[in-house]
**Student:** 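One structure, pasted below without further comment.
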Amino acid sequence: MTASVATDTPIRCPWSVESQLYRDYHDQEWGRPLHGDDALFERLCLEAFQSGLAWITILRKRPAFRAAFAGFAIDRVAEFGDTDRERLLADAGIVRNRAKIDACIANAKVARELDIGLDELLWSFAPPSRPRPRALPDIPATTPESIALAKELKRRGFRFVGPTTAYALMQATGMVDDHLAECWVDTRHTAVG
């Protein structure tokens, strides 16, 4: 499968060509190294909310998520109580799943109490660099590193962080580079956040 539909456009990973929102996310964020506790907390929450849904749903609702969850500031979300929970459950702009909302709030409380920063914890599981995959079937759903990360996060009290979610987080935040070999995006020298 080629990574682009048209020959006059940059070659992109096939999943990114169906909408402008996907193209922008692919070109500007996905796979680029991301640092900062709050920035990584946002991605951890959004990956959990995505579970069982299409990523485009989360991208469309991302501005509403940011507004609803105080910009994903760990210290602020950790203080959310019952009133906030009910506000979130009534907010049609986000995914109104009680278990995922509760997980996001609980995860903020855990992240706030970590003995090391969330950034340091997550990036400590980044695998060594490897060649880019040649085709979509070459991209795994989990890796030994994502399994170990999920296990450690659960051990520390995080919720909604299974190995597949952990691997999606690693892809999204540049811990791994799963852009296809022929994709034009160069993640080696650019970071976001």
Side-chain angles (χ1 to χ4, degrees), residues 21-22 24-126 145-146 149-176 187 190-193:
L21 197 55
Y22 267 151
D24 291 345
Y25 176 68
H26 170 272
D27 293 357
Q28 298 164 20
E29 292 185 66
W30 190 74
R32 295 181 189 271
L34 179 69
H35 289 281
D37 290 349
D38 290 343
L40 287 164
F41 177 67
E42 174 186 1
R43 297 295 181 83
L44 181 68
C45 290
L46 293 179
E47 292 296 344
F49 273 105
Q50 184 274 329
S51 181
L53 302 171
W55 183 244
I56 194 75
T57 301
I58 303 305
L59 287 178
R60 287 181 183 135
K61 292 178 176 280
R62 193 175 188 187
F65 271 113
R66 284 178 169 163
F69 283 95
F72 290 98
I74 292 169
D75 288 336
R76 290 187 62 197
V77 177
E79 294 299 321
F80 282 13
D82 291 339
T83 302
D84 295 296
R85 184 174 288 103
E86 293 309 312
R87 171 183 57 82
L88 293 166
L89 286 168
D91 188 341
I94 67 168
V95 174
R96 296 179 288 181
N97 178 298
R98 182 178 297 275
K100 293 176 182 182
I101 289 169
D102 287 347
C104 187
I105 296 168
N107 289 348
K109 293 176 192 300
V110 173
R112 181 175 62 179
E113 301 303 320
L114 287 173
D115 53 343
I116 60 174
L118 184 62
D119 186 309
E120 184 179 347
L121 174 62
L122 296 176
W123 276 90
S124 72
F125 287 87
E145 294 85 2
S146 75
L149 174 57
K151 183 176 179 181
E152 178 62 14
L153 290 173
K154 285 181 182 179
R155 185 188 74 76
R156 289 176 177 262
F158 285 90
R159 300 190 216 164
F160 264 93
V161 288
T164 302
T165 298
Y167 192 69
L169 176 70
M170 294 172 118
Q171 291 174 304
T173 61
M175 293 178 211
V176 296
T187 62
T190 55
V192 296

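Note that these values count all heavy atoms, side chains included, but never hydrogens, waters or copies made by symmetry.
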**Student:** Using every non-hydrogen atom in the two residues, find where D91 and G93 come nearest and quote the distance to one decimal.
**Tutor:**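 Between these two residues, the closest heavy atoms are OD1-N, 2.8 Å.
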
**Student:** So do E79 and V77 actually touch side chain to side chain, heavy atoms under 4.5 Å?
**Tutor:**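 No. Closest side-chain heavy atoms not under 4.5 Å.
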
**Student:** Side chains of R66 and R62: closer than 4.5 Å at any heavy-atom pair?
**Tutor:**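 In short, these two side chains touch, coming nearer than 4.5 Å.
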
**Student:** Provide the closest heavy-atom pair for I94 versus A68 in the form atom of the first, atom of the second, distance.
**Tutor:**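 Taking I94 first and A68 second, the nearest heavy atoms are CG2-CB, 4.0 Å.
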
**Student:** Working note: R85 + L89, criterion side chain to side chain contact (heavy atoms under 4.5 Å, CB included); need CA distance, chi angles, decisive distance, verdict.
**Tutor:** CA-CA 6 Å; R85 184 174 288 103; L89 286 168; 4.3 Å; yes

**Student:** Shortest non-hydrogen contact from R32 to Q28?
**Tutor:**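 Reported closest heavy-atom pair: CD-O, 3.2 Å.
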
**Student:** Would you give the length of the straight line joining atom OG of S124 to atom CG of D119, rounded to the nearest 0.5 angstrom?
**Tutor:**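 Answer for the OG-CG pair, S124 versus D119, is 10.0 Å.
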
**Student:** Taking R156 first and then D115, would you say they form a salt bridge - that is, a charged N and a carboxylate O separated by under 4.0 Å?
**Tutor:**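 Judged by the 4.0 Å cut-off on N to carboxylate O distance, R156 and D115 do form a salt bridge.
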
**Student:** Under the side chain to side chain contact (heavy atoms under 4.5 Å, CB included) criterion, do L169 and F125 qualify, and how do the steps go?
**Tutor:** CA-CA 11 Å; L169 176 70; F125 287 87; over 6 Å; no

**Student:** Determine whether R159 and D102 make a side-chain contact, defined as any pair of heavy atoms from C-beta on separated by less than 4.5 Å.
**Tutor:**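 Yes - at least one pair of side-chain heavy atoms lies under 4.5 Å apart.
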
**Student:** Taking atom OH of Y22 and atom CH2 of W55, what is their separation to the nearest 0.5 Å?
**Tutor:**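 That separation rounds to 9.0 Å.
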
**Student:** Looking at V95, L44, T57, which hits side chain to side chain contact (heavy atoms under 4.5 Å, CB included) with F49?
**Tutor:**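 Looking at V95, L44, T57, the match for F49 under the side chain to side chain contact (heavy atoms under 4.5 Å, CB included) is V95.
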
**Student:** Which atoms form the tightest heavy-atom contact between A99 and N97, and what is the distance?
**Tutor:**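 Reported closest heavy-atom pair: N-OD1, 3.0 Å.
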
**Student:** Check this for me: K151, atom NZ, are more than 12 non-hydrogen atoms of other residues, nucleotides or ligands nearer than 6.0 Å?
**Tutor:**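 No - once you tally the heavy atoms of other residues, nucleotides and ligands closer than 6.0 Å, there are 12 at most.
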
**Student:** So, for A150 and P163, which heavy atoms are closest and what is the spacing to 0.1 Å?
**Tutor:**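 Closest heavy-atom pair between A150 and P163: CB-N, 3.5 Å.
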
**Student:** Check whether D84 reaches the backbone of G81 with its side chain - one donor and one acceptor, N or O, closer than 3.5 Å.
**Tutor:**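 At least one qualifying donor-acceptor pair exists.
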
**Student:** What closest approach, in Å, do A108 and A78 show between heavy atoms, and which atom pair accounts for it?
**Tutor:**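 Where A108 meets A78 most closely, the heavy atoms are CB-N, 3.5 Å.
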
**Student:** Measure the spacing between CG of L121 and CG of D37 and express it to the nearest 0.5 Å.
**Tutor:**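 One gets 9.5 Å once the value is rounded to the nearest 0.5 Å.
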
**Student:** Check this for me: does any side-chain nitrogen of one of E152 and R155 sit under 4.0 Å from a carboxylate oxygen of the other?
**Tutor:**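 Counted as a salt bridge, because a side-chain N and a carboxylate O are separated by less than 4.0 Å.
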
**Student:** Quick one: pull up CD1 in I58 and CD in E47 and give me the separation to the nearest 0.5 Å.
**Tutor:**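 Those atoms lie 9.0 Å apart.
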
**Student:** Looking at F160, is its backbone amide N or carbonyl O close enough to the side chain of K100 to form a donor-acceptor pair, meaning the two atoms are under 3.5 Å apart?
**Tutor:**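 Between the backbone of F160 and the side chain of K100 there is no qualifying donor-acceptor contact (under 3.5 Å).
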
**Student:** Is there side-chain contact between C45 and F69, with heavy atoms separated by less than 4.5 Å?
**Tutor:**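 Side chain of C45 against side chain of F69, heavy atoms only: no contact under 4.5 Å found.
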
**Student:** Starting at CG of L149, measure out to CG of L122 and round the result to the nearest 0.5 Å.
**Tutor:**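 Spacing of CG (L149) from CG (L122) equals 6.0 Å.
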
**Student:** Just by distance, do the side chain of K61 and the backbone of A92 share a donor-acceptor pair under 3.5 Å?
**Tutor:**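 Side chain of K61 to backbone of A92, a donor-acceptor pair under 3.5 Å: yes, one is there.
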
**Student:** Taking the side chain as everything from C-beta on, heavy atoms only, tell me whether C104 gets closer than 4.5 Å to F72.
**Tutor:**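 Yes. Closest side-chain heavy atoms under 4.5 Å.
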
**Student:** Would you give the length of the straight line joining atom CD of E42 to atom OG1 of T173, rounded to the nearest 0.5 angstrom?
**Tutor:**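 E42 atom CD to T173 atom OG1 measures 12.0 Å (nearest 0.5 Å).
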
**Student:** Indicate yes or no: at least one non-hydrogen side-chain atom of W123 is less than 4.5 angstrom from one of L40.
**Tutor:**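 The answer is yes, as the side chains (C-beta and beyond) meet within the 4.5 Å cut-off.
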
**Student:** Establish, yes or no, whether the cationic atom of R112 lies under 6.0 Å from the six-membered ring centre of F41 and within 45° of the ring axis.
**Tutor:**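 No cation-pi geometry.
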
